[in-house]
**Q** 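Can you keep this structure in mind? I'll have questions shortly.
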Amino acid sequence: MPLRLTSAPVSGIQKRKATNPLRPRASPFASHARSKPGARPPSGVKPAANDHEVDYGPLSDHGLSRYIPETTPVDNVLAALKHIRYGMFDELPATRAGMNSSRIAQTLNHRRLLPPLVSVAHVHTILDAPTKVEREIMELAMEGKIRRLIIPGRGNDAAGLGDCLIPTEEWEVIVKQTKLDAKLKEKFIIVLRRIGNSCAIPASTFSPSEATALFKAGLLVTSSALAKGTSSVPSLPTLITTPSTPAASRIGSTSQPPTPFETPSTPFQTTTLYLSLPNTGPYLKLLGLARTHLLKLLRKSSSGEAPLTLLRDRWDGAIESERSFSVAKRARGEFAGILPGQTSKWKNFYGMSFRWVLEECVGAGLVEVFETGSVGPGVRLL
């Protein structure tokens, strides 16, 4: 069979297919990836929390700012103690907290167990009147309304963590809430009132069994547990004694004949005891970690400076909000921020307030607040 090759099959003219005039035109976004509303980003890919941030660089400096004292509604030390204590933590988010019931209970219990201590540096920050504040602190201490707790080994300068104040009434309430024997509670409160503003107590004041019970309750610590690495140890208070009467028996004197307390002569009697409060260690640790974290966030700026509003956003984290634009983003399936329970503020610091930790850092001389003249108050590393 002869093989005949021609160009006819490929050289013919082909007709174009008629298009349907009613068919809509393809969208210019048809080639884009589609996702269902509410879909999460792929695992391992998290939206950058700071993509929206701008590194302002060195900010204009118009002098130190009085933003903190001018926006704090207190004018005396007692009011400052109350304000600082109850402003340490933010309220739990009402909706979409991102924490289950166990986590919420853990957060609230940790807050409740912390002692009602307030650093002296924090009081100075919000009142901003050094001479007046120190004079008022001394007057209140002499009147027995507050106590000044100095913890050796926690730093002696402004950045130290060991110089704190607490209302005397609250201290006595803590003592009464412990599981100590009623007589020992009463004796300890009497000792507190007699030693004045001192933090040190002669070991002969309590018997070894009493001191052991107070150690376990967190109301006393030994000098060896606190004074390591420090050269400043508070001096022992002067207690009125007589050659025939032990010091401890004179402390409990009333209108009735005093009952001598047990004071056996043992090596224990040569140890210096210091006042303490339950969970003081966890409180100071939390405070130290919060200060360090805030400084770390401030160092994200190349100049070591940032507007206060930007630093607050970093502390709070890129969280969801109930503002209209955030709700609209969630409805479109876009990233609208993470839940509060997933941020360091709630995971590591139990919801500690940004303003509270900022005031702590200012009082400790770690940062300063200054006026920028354009973006509000700025915060600078020192």
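Predicted, not measured: the structure shown is a model, and the values here were computed from it. One-based numbering along the sequence shown.
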**Q** Using only atom types and a distance under 3.5 Å, with no angle test, would you say the side chain of S198 pairs donor to acceptor with the backbone of I195?
**A** no
**Q** Quick one, T309 and V375 - any side-chain contact, counting heavy atoms below 4.5 Å?
**A** no
**Q** Is the closest side-chain donor-acceptor distance between E359 and T125 under 3.5 Å?
**A** no
**Q** What heavy-atom pair brings F354 and D316 nearest, and what distance separates the two atoms?
**A** CB-OD1, 4.5 Å
**Q** Is it the case that one hydrophobic cluster holds both L78 and V120, taking links as side-chain heavy atoms less than 4.5 Å apart, direct or via other members?
**A** yes
**Q** Could you measure the distance from the NE2 atom of H110 to the CG atom of L114? Nearest 0.5 Å is fine.
**A** 4.5 Å
**Q** Side chains of S303 and S301: do they bring a donor and an acceptor to under 3.5 Å?
**A** no
**Q** Is it true that a side-chain atom of W346 and a backbone atom of T107 form a donor plus acceptor pair closer than 3.5 Å?
**A** no
**Q** Check for a donor-acceptor pair, side chain of R147 on one end and backbone N or O of L192 on the other, with a separation under 3.5 Å.
**A** yes
**Q** Hey, mind stepping through R314 and K300 against side chain to side chain contact (heavy atoms under 4.5 Å, CB included) and telling me if it holds?
**A** CA-CA 10 Å; R314 290 176 180 174; K300 287 185 176 182; 3.6 Å; yes
**Q** When you compare the side chain of L366 with that of L382, does any pair of heavy atoms fall below 4.5 Å?
**A** no
**Q** Indicate yes or no: at least one non-hydrogen side-chain atom of I166 is less than 4.5 angstrom from one of V118.
**A** no
**Q** Show, in sequence, the C-alpha distance, side-chain angles and deciding distance for F188 and L220, and conclude whether the side chain to side chain contact (heavy atoms under 4.5 Å, CB included) test is met.
**A** CA-CA 10 Å; F188 186 79; L220 284 182; 4.1 Å; yes
**Q** To the nearest 0.5 Å, what is the distance between CG (L219) and CG (L275)?
**A** 8.5 Å
**Q** CZ/R291 to CG/L358 distance, rounded to the nearest 0.5 angstrom?
**A** 12.0 Å
**Q** Over all heavy atoms of both residues, which pair between G363 and A121 is shortest? Give the atoms and the distance, please.
**A** O-CB, 3.5 Å
**Q** So, do W356 and F89 have ring centers that fall under 6.0 Å from each other?
**A** no
**Q** Are any of the side-chain heavy atoms of M88 and S353 separated by less than 4.5 Å?
**A** no
**Q** Hey, is R148 close enough to E134 for a salt bridge, meaning N to O under 4.0 Å?
**A** yes
**Q** Counting C-beta onward and ignoring hydrogens, is there a side-chain heavy-atom pair between L308 and L311 closer than 4.5 Å?
**A** no
**Q** Give me the atom names and distance for the closest heavy-atom approach of P377 to V369.
**A** CB-CG1, 3.9 Å
**Q** Given the rule that I, L, V, M, F, W and Y join up when any side-chain heavy atoms are under 4.5 Å apart, are V362 and L64 in one cluster?
**A** no
**Q** Are any non-hydrogen side-chain atoms of L381 and R299 less than 4.5 angstrom apart?
**A** yes
**Q** I need the minimum non-hydrogen distance between L149 and C199, along with the two atoms involved.
**A** CA-SG, 3.9 Å
**Q** Which is it for H293 and F349 under the ring pair (Phe, Tyr, Trp, His ring centres under 6.0 Å) test, yes or no, and what are the steps along the way?
**A** CA-CA 10 Å; H293 184 63; F349 303 111; 5.3 Å; yes
**Q** In sequence, state the C-alpha distance, the side-chain angles, and the governing distance for K345 and Y350, and then conclude on side chain to side chain contact (heavy atoms under 4.5 Å, CB included).
**A** CA-CA 6 Å; K345 171 181 175 178; Y350 306 95; over 6 Å; no
**Q** For the residue pair P202 and T205, what are the closest heavy atoms and their distance?
**A** O-OG1, 2.8 Å
**Q** Do R355 and Y67 meet the cation-pi criteria used here (NZ or CZ under 6.0 Å from the six-membered ring centre, within 45° of the axis)?
**A** yes
**Q** Enumerate the salt bridge (Lys or Arg N to Asp or Glu O under 4.0 Å) contacts for residues 165-174, please, sequence neighbours excluded, ordered by first and then second residue.
**A** R85-E170, E172-R193
**Q** Is any side-chain heavy atom of N76 closer than 4.5 Å to a side-chain heavy atom of E136?
**A** yes
**Q** I'd like to know if the side chain of S344 and the backbone of N348 have a donor-acceptor N/O pair within less than 3.5 Å.
**A** no
**Q** Nearest 0.5 Å, please: how far is CG in L184 from OG in S209?
**A** 8.5 Å
**Q** Quick one: do L108 and M99 end up in the same hydrophobic cluster if we chain Ile, Leu, Val, Met, Phe, Trp and Tyr together by side-chain heavy atoms under 4.5 Å apart?
**A** yes
**Q** How about CD on E143, more than 12 heavy atoms from neighbouring residues, nucleotides or ligands closer than 6.0 Å, or not?
**A** yes
**Q** Just verifying a value: how many Å separate Y283 OH and L113 CG, rounded to the nearest 0.5 Å?
**A** 14.5 Å
**Q** Measuring from atom OG1 of T72 to atom NE2 of H83, what distance do you get when rounded to the nearest 0.5 angstrom?
**A** 5.0 Å
**Q** If only atom types and distance count, is the side chain of E305 paired as donor or acceptor with the main-chain N or O of L59 below 3.5 Å?
**A** yes
**Q** Is there a side-chain contact between P116 and I174, using heavy atoms and a 4.5 Å cut-off?
**A** yes
**Q** For S276 and W171, work out which heavy atoms get closest and say how close.
**A** O-CZ2, 3.7 Å
**Q** Between R380 and D61, does the side chain to side chain contact (heavy atoms under 4.5 Å, CB included) criterion hold? Intermediate values first, please.
**A** CA-CA 10 Å; R380 175 191 296 125; D61 189 349; 2.9 Å; yes
